[in-house]
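Some notes on the structure that comes next.
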Amino acid sequence: MSDILNNKIVGSESESPVDPDAAASVTVVASALDRLAAAERASAPSGFEQRLARATFPSSPVLRIGDKVLSPAVANRPWHPLRLAAAIGLIAAIGAAYFAVRSSLIDSNANGSGTRFSKATTSDTSIDLLVLAAVFEDSPILPELESIRSEAASLEEAMQSEDGFSYGGAM
Amino acid sequence: MEAALISKENHGSTPDLVPILAAAAAGDHDAWSQIVSLYGRRLYALAKSRCKDGEVAEEITQSVFATVAQKFGIGQYQEQGKFESWLFRVAMNRIRDHVRRVKRRPGFEDSHSLAETQAVATPTAEQDDPMMRNLRIALTKLSDSDREIVELRHHGGMSFKDMSDLLNEPVGTLLARHHRALKKIKEFIENNPEGAAAAQNVVEGSEEQEGVAGRIPAQGKRKVVS
(Lines give C-alpha, C1' and ligand atoms only; values in the text may rest on other atoms or scores of the structure.)
Protein backbone atom coordinates (compact mmCIF):
# COMPACT_ATOMS: atom_id res chain seq x y z
CA MET A 1 0.00 0.00 0.00
CA SER A 2 2.65 2.48 1.03
CA ASP A 3 4.74 1.69 -2.05
CA ILE A 4 1.78 2.35 -4.25
CA LEU A 5 1.15 5.61 -2.47
CA ASN A 6 4.78 6.51 -2.75
CA ASN A 7 4.70 5.89 -6.48
CA LYS A 8 1.58 7.96 -6.72
CA ILE A 9 3.48 10.89 -5.26
CA VAL A 10 5.89 10.81 -8.14
CA GLY A 11 3.40 10.30 -10.86
CA SER A 12 0.06 11.79 -10.00
CA GLU A 13 0.55 15.21 -8.43
CA SER A 14 -0.47 18.25 -10.40
CA GLU A 15 2.19 17.67 -13.03
CA SER A 16 0.71 15.94 -16.00
CA PRO A 17 2.43 14.79 -18.05
CA VAL A 18 5.12 13.96 -15.49
CA ASP A 19 8.47 15.53 -16.06
CA PRO A 20 10.89 12.63 -15.55
CA ASP A 21 13.69 14.95 -14.45
CA ALA A 22 11.53 16.67 -11.86
CA ALA A 23 10.23 13.35 -10.63
CA ALA A 24 13.74 12.01 -10.44
CA SER A 25 15.00 14.93 -8.39
CA VAL A 26 12.07 14.66 -5.98
CA THR A 27 12.74 10.96 -5.65
CA VAL A 28 16.37 11.72 -4.95
CA VAL A 29 15.33 14.11 -2.22
CA ALA A 30 13.05 11.44 -0.78
CA SER A 31 15.81 8.86 -0.76
CA ALA A 32 18.21 11.37 0.76
CA LEU A 33 15.64 12.05 3.48
CA ASP A 34 15.42 8.31 4.09
CA ARG A 35 19.20 8.21 4.48
CA LEU A 36 19.08 11.14 6.87
CA ALA A 37 16.37 9.42 8.90
CA ALA A 38 18.40 6.21 8.97
CA ALA A 39 21.36 8.19 10.25
CA GLU A 40 19.20 9.73 12.98
CA ARG A 41 17.96 6.30 14.02
CA ALA A 42 21.46 4.92 14.06
CA SER A 43 22.62 7.79 16.23
CA ALA A 44 20.63 6.50 19.19
CA PRO A 45 22.98 5.52 22.00
CA SER A 46 24.03 1.91 22.33
CA GLY A 47 21.68 -0.24 24.35
CA PHE A 48 18.95 2.32 23.72
CA GLU A 49 16.16 -0.14 23.09
CA GLN A 50 17.07 -2.49 25.92
CA ARG A 51 17.25 0.38 28.36
CA LEU A 52 14.01 1.80 27.07
CA ALA A 53 12.23 -1.56 27.34
CA ARG A 54 13.51 -2.10 30.86
CA ALA A 55 12.62 1.39 32.01
CA THR A 56 9.10 1.39 30.67
CA PHE A 57 7.96 -2.23 30.93
CA PRO A 58 4.35 -2.07 32.14
CA SER A 59 4.82 -4.45 35.05
CA SER A 60 8.21 -3.16 36.08
CA PRO A 61 7.39 0.10 37.82
CA VAL A 62 8.21 -0.03 41.52
CA LEU A 63 4.92 1.66 42.31
CA ARG A 64 2.02 0.76 40.10
CA ILE A 65 -0.84 3.12 39.60
CA GLY A 66 -3.58 2.13 42.00
CA ASP A 67 -1.23 0.68 44.57
CA LYS A 68 -1.75 2.01 48.04
CA VAL A 69 1.01 4.15 49.40
CA LEU A 70 1.77 2.88 52.88
CA SER A 71 2.99 5.54 55.22
CA PRO A 72 5.42 4.54 57.97
CA ALA A 73 3.79 3.67 61.28
CA VAL A 74 3.20 6.70 63.40
CA ALA A 75 5.27 6.47 66.57
CA ASN A 76 3.09 5.70 69.54
CA ARG A 77 4.28 8.05 72.25
CA PRO A 78 1.77 8.39 75.12
CA TRP A 79 1.71 11.67 76.99
CA HIS A 80 3.66 11.54 80.19
CA PRO A 81 1.57 12.94 83.10
CA LEU A 82 4.28 15.45 83.97
CA ARG A 83 4.45 16.67 80.37
CA LEU A 84 0.66 16.99 80.31
CA ALA A 85 0.64 18.96 83.57
CA ALA A 86 3.34 21.26 82.25
CA ALA A 87 1.34 21.91 79.10
CA ILE A 88 -1.79 22.74 81.07
CA GLY A 89 0.19 25.04 83.35
CA LEU A 90 1.74 26.83 80.40
CA ILE A 91 -1.66 27.38 78.79
CA ALA A 92 -3.06 28.70 82.07
CA ALA A 93 -0.14 31.08 82.50
CA ILE A 94 -0.51 32.45 79.00
CA GLY A 95 -4.26 32.94 79.55
CA ALA A 96 -3.74 34.74 82.83
CA ALA A 97 -1.15 37.04 81.33
CA TYR A 98 -3.48 37.85 78.45
CA PHE A 99 -6.39 38.77 80.69
CA ALA A 100 -4.16 40.83 82.96
CA VAL A 101 -2.83 42.91 80.09
CA ARG A 102 -6.30 43.32 78.62
CA SER A 103 -7.89 44.53 81.83
CA SER A 104 -5.09 47.04 82.45
CA LEU A 105 -5.63 48.49 78.99
CA ILE A 106 -9.34 48.89 79.65
CA ASP A 107 -8.65 50.67 82.96
CA SER A 108 -6.26 53.12 81.38
CA ASN A 109 -8.73 54.05 78.62
CA ALA A 110 -11.88 53.99 80.64
CA ASN A 111 -13.76 56.44 82.79
CA GLY A 112 -15.06 54.62 85.82
CA SER A 113 -17.55 52.21 84.39
CA GLY A 114 -15.45 51.48 81.37
CA THR A 115 -17.26 53.88 79.03
CA ARG A 116 -14.88 55.43 76.53
CA PHE A 117 -15.05 59.04 75.49
CA SER A 118 -13.71 60.07 72.18
CA LYS A 119 -12.25 63.49 71.70
CA ALA A 120 -14.69 65.70 69.87
CA THR A 121 -13.68 68.45 67.49
CA THR A 122 -14.56 72.02 68.34
CA SER A 123 -17.37 72.23 65.82
CA ASP A 124 -18.95 69.11 67.22
CA THR A 125 -18.79 70.16 70.80
CA SER A 126 -22.43 71.30 71.04
CA ILE A 127 -23.78 68.15 69.48
CA ASP A 128 -21.61 66.00 71.70
CA LEU A 129 -22.89 67.80 74.70
CA LEU A 130 -26.46 67.18 73.64
CA VAL A 131 -25.75 63.53 73.17
CA LEU A 132 -24.03 63.29 76.48
CA ALA A 133 -26.91 65.02 78.12
CA ALA A 134 -29.32 62.54 76.65
CA VAL A 135 -27.22 59.55 77.61
CA PHE A 136 -26.44 60.70 81.13
CA GLU A 137 -29.75 62.37 81.78
CA ASP A 138 -30.28 60.59 85.02
CA SER A 139 -26.70 60.28 86.00
CA PRO A 140 -24.96 62.23 88.77
CA ILE A 141 -22.92 64.23 86.29
CA LEU A 142 -25.96 66.01 84.85
CA PRO A 143 -25.45 69.24 86.82
CA GLU A 144 -21.91 69.43 85.58
CA LEU A 145 -23.11 68.92 82.02
CA GLU A 146 -25.67 71.68 82.48
CA SER A 147 -23.00 74.10 83.52
CA ILE A 148 -20.85 73.13 80.52
CA ARG A 149 -23.80 73.64 78.24
CA SER A 150 -24.55 77.07 79.61
CA GLU A 151 -20.90 78.03 79.21
CA ALA A 152 -20.97 76.89 75.63
CA ALA A 153 -24.16 78.84 74.95
CA SER A 154 -22.73 82.00 76.37
CA LEU A 155 -19.56 81.51 74.38
CA GLU A 156 -21.56 81.17 71.20
CA GLU A 157 -23.55 84.27 71.90
CA ALA A 158 -20.39 86.21 72.51
CA MET A 159 -18.97 85.05 69.21
CA GLN A 160 -22.17 85.95 67.37
CA SER A 161 -22.12 89.43 68.72
CA GLU A 162 -18.51 89.88 67.62
CA ASP A 163 -18.70 88.93 63.95
CA GLY A 164 -22.43 89.00 63.21
CA PHE A 165 -22.51 85.45 61.96
CA SER A 166 -24.59 82.72 63.37
CA TYR A 167 -22.80 79.54 64.22
CA GLY A 168 -26.01 77.54 63.91
CA GLY A 169 -26.79 75.06 66.58
CA ALA A 170 -29.66 76.19 68.70
CA MET A 171 -28.73 75.22 72.22
CA MET B 1 9.33 -12.78 14.71
CA GLU B 2 11.16 -9.76 16.02
CA ALA B 3 13.48 -9.71 13.05
CA ALA B 4 10.50 -9.86 10.74
CA LEU B 5 8.93 -6.93 12.50
CA ILE B 6 12.06 -4.84 12.35
CA SER B 7 12.60 -5.56 8.70
CA LYS B 8 9.15 -4.19 7.95
CA GLU B 9 9.51 -1.06 9.98
CA ASN B 10 10.10 1.44 7.19
CA HIS B 11 7.15 3.46 5.98
CA GLY B 12 4.69 1.77 8.19
CA SER B 13 4.24 -1.65 6.64
CA THR B 14 2.04 -2.76 9.49
CA PRO B 15 2.80 -6.15 10.97
CA ASP B 16 0.11 -7.92 12.91
CA LEU B 17 0.47 -5.99 16.08
CA VAL B 18 -2.65 -7.13 17.84
CA PRO B 19 -1.27 -10.29 19.49
CA ILE B 20 1.95 -8.50 20.40
CA LEU B 21 0.07 -5.60 21.96
CA ALA B 22 -2.20 -7.98 23.83
CA ALA B 23 0.77 -9.92 25.16
CA ALA B 24 2.59 -6.73 26.18
CA ALA B 25 -0.50 -5.46 27.96
CA ALA B 26 -0.67 -8.79 29.80
CA GLY B 27 2.87 -8.25 31.06
CA ASP B 28 4.91 -10.19 28.52
CA HIS B 29 8.35 -8.63 28.56
CA ASP B 30 9.36 -10.07 25.19
CA ALA B 31 6.31 -8.60 23.51
CA TRP B 32 7.02 -5.25 25.10
CA SER B 33 10.62 -5.43 23.88
CA GLN B 34 9.35 -6.10 20.38
CA ILE B 35 7.18 -3.00 20.46
CA VAL B 36 10.07 -0.94 21.74
CA SER B 37 12.36 -2.37 19.06
CA LEU B 38 9.81 -1.65 16.38
CA TYR B 39 9.11 1.94 17.31
CA GLY B 40 11.85 3.12 19.64
CA ARG B 41 14.35 4.34 17.08
CA ARG B 42 11.67 5.72 14.80
CA LEU B 43 10.33 7.88 17.60
CA TYR B 44 13.86 8.81 18.59
CA ALA B 45 14.71 9.92 15.04
CA LEU B 46 11.49 11.91 14.81
CA ALA B 47 12.16 13.69 18.09
CA LYS B 48 15.82 14.27 17.33
CA SER B 49 15.10 15.75 13.93
CA ARG B 50 12.85 18.33 15.51
CA CYS B 51 14.59 18.95 18.83
CA LYS B 52 18.20 18.73 17.60
CA ASP B 53 19.22 17.13 20.84
CA GLY B 54 19.84 13.43 21.37
CA GLU B 55 19.21 13.54 25.10
CA VAL B 56 15.94 15.39 24.70
CA ALA B 57 14.95 12.92 21.98
CA GLU B 58 15.69 10.04 24.34
CA GLU B 59 13.66 11.64 27.10
CA ILE B 60 10.71 12.21 24.80
CA THR B 61 10.87 8.64 23.51
CA GLN B 62 10.98 7.27 27.01
CA SER B 63 8.12 9.49 28.05
CA VAL B 64 6.00 8.25 25.14
CA PHE B 65 6.62 4.60 26.01
CA ALA B 66 5.94 5.33 29.65
CA THR B 67 2.55 6.69 28.63
CA VAL B 68 1.85 3.58 26.58
CA ALA B 69 2.95 1.37 29.46
CA GLN B 70 0.70 3.28 31.80
CA LYS B 71 -2.31 2.79 29.52
CA PHE B 72 -1.47 -0.89 29.21
CA GLY B 73 -0.97 -1.23 32.94
CA ILE B 74 -4.34 0.17 33.90
CA GLY B 75 -6.18 -1.52 31.05
CA GLN B 76 -7.23 1.71 29.33
CA TYR B 77 -5.85 0.84 25.90
CA GLN B 78 -8.30 -0.78 23.50
CA GLU B 79 -6.69 -2.03 20.33
CA GLN B 80 -8.62 -0.72 17.32
CA GLY B 81 -5.93 -1.12 14.70
CA LYS B 82 -4.67 2.42 15.25
CA PHE B 83 -1.86 1.83 17.68
CA GLU B 84 0.76 3.42 15.45
CA SER B 85 -1.31 6.57 14.88
CA TRP B 86 -1.95 6.88 18.59
CA LEU B 87 1.70 6.28 19.47
CA PHE B 88 2.90 8.93 17.06
CA ARG B 89 0.18 11.32 18.18
CA VAL B 90 1.48 11.05 21.72
CA ALA B 91 5.01 11.59 20.41
CA MET B 92 4.05 14.59 18.30
CA ASN B 93 2.29 16.18 21.26
CA ARG B 94 5.40 15.74 23.39
CA ILE B 95 7.59 17.16 20.65
CA ARG B 96 5.28 20.15 20.13
CA ASP B 97 5.23 20.79 23.87
CA HIS B 98 9.00 20.74 23.95
CA VAL B 99 9.30 23.06 20.95
CA ARG B 100 6.81 25.47 22.53
CA ARG B 101 8.76 25.47 25.78
CA VAL B 102 11.99 26.18 23.96
CA LYS B 103 10.40 28.99 21.97
CA ARG B 104 9.17 30.64 25.16
CA ARG B 105 12.65 30.81 26.62
CA PRO B 106 14.30 34.22 26.58
CA GLY B 107 16.90 34.56 23.84
CA PHE B 108 15.26 31.82 21.81
CA GLU B 109 16.23 33.35 18.45
CA ASP B 110 19.92 33.18 19.24
CA SER B 111 19.78 29.69 20.68
CA HIS B 112 17.62 28.53 17.78
CA SER B 113 20.08 29.69 15.16
CA LEU B 114 22.88 28.23 17.24
CA ALA B 115 21.05 24.90 17.40
CA GLU B 116 20.65 24.94 13.63
CA THR B 117 24.33 25.62 13.23
CA GLN B 118 25.22 22.86 15.63
CA ALA B 119 22.85 20.50 13.89
CA VAL B 120 24.62 20.88 10.59
CA ALA B 121 28.14 21.15 11.97
CA THR B 122 28.30 18.11 14.21
CA PRO B 123 31.37 16.25 13.01
CA THR B 124 29.93 12.80 12.42
CA ALA B 125 30.45 10.90 9.21
CA GLU B 126 26.83 11.31 8.12
CA GLN B 127 26.70 14.97 8.92
CA ASP B 128 29.91 15.67 7.09
CA ASP B 129 27.95 14.86 3.97
CA PRO B 130 26.95 18.24 2.48
CA MET B 131 23.69 16.78 1.27
CA MET B 132 22.77 15.78 4.81
CA ARG B 133 23.69 19.20 6.10
CA ASN B 134 21.61 20.89 3.46
CA LEU B 135 18.69 18.59 4.10
CA ARG B 136 18.75 19.51 7.76
CA ILE B 137 18.79 23.19 6.93
CA ALA B 138 16.09 22.74 4.31
CA LEU B 139 13.86 21.02 6.86
CA THR B 140 14.09 24.04 9.11
CA LYS B 141 12.91 26.24 6.23
CA LEU B 142 9.66 24.31 5.82
CA SER B 143 6.47 25.34 7.58
CA ASP B 144 5.72 23.38 10.73
CA SER B 145 2.92 21.42 9.10
CA ASP B 146 5.00 20.50 6.03
CA ARG B 147 7.91 19.58 8.22
CA GLU B 148 5.70 17.33 10.35
CA ILE B 149 4.56 15.45 7.29
CA VAL B 150 8.10 14.97 5.99
CA GLU B 151 9.43 13.89 9.37
CA LEU B 152 6.53 11.55 10.11
CA ARG B 153 7.00 9.94 6.72
CA HIS B 154 10.78 9.62 6.65
CA HIS B 155 12.00 9.75 10.25
CA GLY B 156 8.93 8.13 11.76
CA GLY B 157 8.57 5.69 8.87
CA MET B 158 4.79 6.07 8.85
CA SER B 159 2.49 5.09 6.03
CA PHE B 160 0.31 7.80 4.54
CA LYS B 161 -2.74 5.95 5.79
CA ASP B 162 -1.53 6.09 9.40
CA MET B 163 -0.50 9.70 8.90
CA SER B 164 -4.01 10.35 7.67
CA ASP B 165 -5.42 8.89 10.90
CA LEU B 166 -2.94 10.84 12.96
CA LEU B 167 -3.38 14.23 11.33
CA ASN B 168 -7.07 13.88 10.40
CA GLU B 169 -6.30 14.77 6.82
CA PRO B 170 -7.26 12.87 3.66
CA VAL B 171 -4.51 10.72 2.22
CA GLY B 172 -4.59 12.68 -1.04
CA THR B 173 -3.99 15.95 0.78
CA LEU B 174 -1.04 14.49 2.62
CA LEU B 175 0.41 13.12 -0.60
CA ALA B 176 0.16 16.53 -2.24
CA ARG B 177 1.65 18.35 0.72
CA HIS B 178 4.46 15.82 1.00
CA HIS B 179 5.24 16.21 -2.67
CA ARG B 180 5.25 20.00 -2.42
CA ALA B 181 7.49 19.83 0.62
CA LEU B 182 9.98 17.65 -1.26
CA LYS B 183 9.96 20.12 -4.13
CA LYS B 184 10.70 22.97 -1.73
CA ILE B 185 13.60 20.99 -0.30
CA LYS B 186 14.86 20.26 -3.79
CA GLU B 187 14.68 23.96 -4.72
CA PHE B 188 16.51 24.92 -1.58
CA ILE B 189 19.27 22.44 -2.30
CA GLU B 190 19.52 23.55 -5.91
CA ASN B 191 19.87 27.16 -4.82
CA ASN B 192 22.69 26.15 -2.56
CA PRO B 193 25.77 25.42 -4.72
CA GLU B 194 27.33 23.09 -2.21
CA GLY B 195 24.11 21.20 -1.86
CA ALA B 196 23.50 21.06 -5.59
CA ALA B 197 26.89 19.46 -6.14
CA ALA B 198 26.20 17.02 -3.38
CA ALA B 199 22.79 16.25 -4.78
CA GLN B 200 24.36 15.55 -8.15
CA ASN B 201 26.77 13.19 -6.45
CA VAL B 202 23.90 11.47 -4.77
CA VAL B 203 22.06 11.10 -8.07
CA GLU B 204 25.12 9.64 -9.77
CA GLY B 205 25.83 7.35 -6.84
CA SER B 206 22.24 6.23 -6.74
CA GLU B 207 22.21 5.55 -10.45
CA GLU B 208 25.29 3.42 -10.16
CA GLN B 209 24.32 1.58 -7.03
CA GLU B 210 20.57 1.26 -7.17
CA GLY B 211 19.61 1.95 -10.75
CA VAL B 212 17.33 4.80 -9.71
CA ALA B 213 17.35 6.34 -13.19
CA GLY B 214 16.05 3.13 -14.62
CA ARG B 215 13.32 2.90 -12.04
CA ILE B 216 11.86 6.36 -12.43
CA PRO B 217 10.16 5.87 -15.80
CA ALA B 218 8.60 2.74 -14.43
CA GLN B 219 7.24 4.76 -11.50
CA GLY B 220 5.95 7.32 -13.93
CA LYS B 221 4.09 4.66 -15.85
CA ARG B 222 2.57 3.37 -12.65
CA LYS B 223 0.84 6.66 -12.02
CA VAL B 224 -2.45 5.17 -13.17
CA VAL B 225 -2.39 2.89 -10.15
CA SER B 226 -4.63 4.31 -7.45
Side-chain angles (χ1 to χ4, degrees), chain A residues 1-70, chain B residues 10-13 24-25 27 29 32-33 36-37 40-42 44-45 48-49 54 58 61-62 65-66 68-70 72-74 124 126-127 131-132 135-136 150 154-155 157 159-161 171 175-176 178-179 182-183 185-186 189 199 202-203 206 212-213 216-217 219-223 225-226:
Chain A
M1 172 80 176
S2 65
D3 288 337
I4 293 169
L5 293 176
N6 205 18
N7 293 335
K8 191 178 172 185
I9 298 170
V10 176
S12 66
E13 292 300 327
S14 69
E15 293 173 3
S16 184
V18 175
D19 176 2
D21 291 338
S25 57
V26 170
T27 306
V28 167
V29 171
S31 65
L33 280 168
D34 282 338
R35 284 205 305 141
L36 176 66
E40 297 284 26
R41 286 181 204 147
S43 70
S46 62
F48 169 71
E49 281 133 327
Q50 289 78 14
R51 201 167 57 245
L52 198 57
R54 257 200 319 275
T56 56
F57 182 49
S59 63
S60 68
V62 175
L63 185 66
R64 284 178 183 234
I65 291 176
D67 283 357
K68 288 181 180 174
V69 179
L70 299 175
Chain B
N10 278 340
H11 297 318
S13 298
H29 188 270
W32 181 249
S33 297
V36 171
S37 297
R41 286 180 185 269
R42 290 162 64 182
Y44 176 86
K48 192 179 174 193
S49 176
E58 199 171 344
T61 309
Q62 183 162 333
F65 279 107
V68 175
Q70 184 186 331
F72 280 5
I74 58 179
T124 64
E126 282 293 341
Q127 289 170 342
M131 180 66 169
M132 296 295 110
L135 274 177
R136 283 192 172 85
V150 170
H154 295 277
H155 295 73
S159 67
F160 281 101
K161 182 179 176 302
V171 171
L175 285 165
H178 179 257
H179 185 55
L182 293 191
K183 281 178 74 176
I185 292 173
K186 178 180 78 81
I189 291 172
V202 171
V203 172
S206 301
V212 170
I216 289 162
Q219 287 176 334
K221 285 175 189 171
R222 274 187 287 172
K223 76 171 186 171
V225 177
S226 58

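Numbers restart at 1 for each chain; the letters A, B, ... are given by sequence-line order, proteins then strands.
For a residue to count as touching a neighbouring chain, one of its non-hydrogen atoms must lie under 4.5 Å from one of that chain's; by this rule Ala24(B) touches chain A with the backbone only. Residue Ala38(A): no heavy atom, backbone or side chain, is found under 4.5 Å from chain B. In this structure, chain A has no heavy atom under 4.5 Å from any part of Val68(B).
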Identify all side-chain donor-acceptor contacts of residues 45-53 of chain A below 3.5 Å with residues at least two apart in sequence or on another chain.
from: Glu49(A); atom 1: OE1; to: Arg41(B); atom 2: NE; distance (Å): 3.2
from: Glu49(A); atom 1: OE2; to: Arg41(B); atom 2: NE; distance (Å): 3.2
from: Arg51(A); atom 1: NH2; to: Glu58(B); atom 2: OE2; distance (Å): 2.4

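With sequence neighbours excluded, no residue forms a side-chain hydrogen bond (donor to acceptor under 3.5 Å, both in side chains) with Gln62(B).
Contact check on Arg136(B) versus Glu40(A) returns a salt bridge, with a Lys/Arg side-chain nitrogen under 4.0 Å from an Asp/Glu carboxylate oxygen.
Using modelled atom types, no side-chain atom of Arg41(A) and backbone atom of Arg42(B) make a donor-acceptor pair closer than 3.5 Å.
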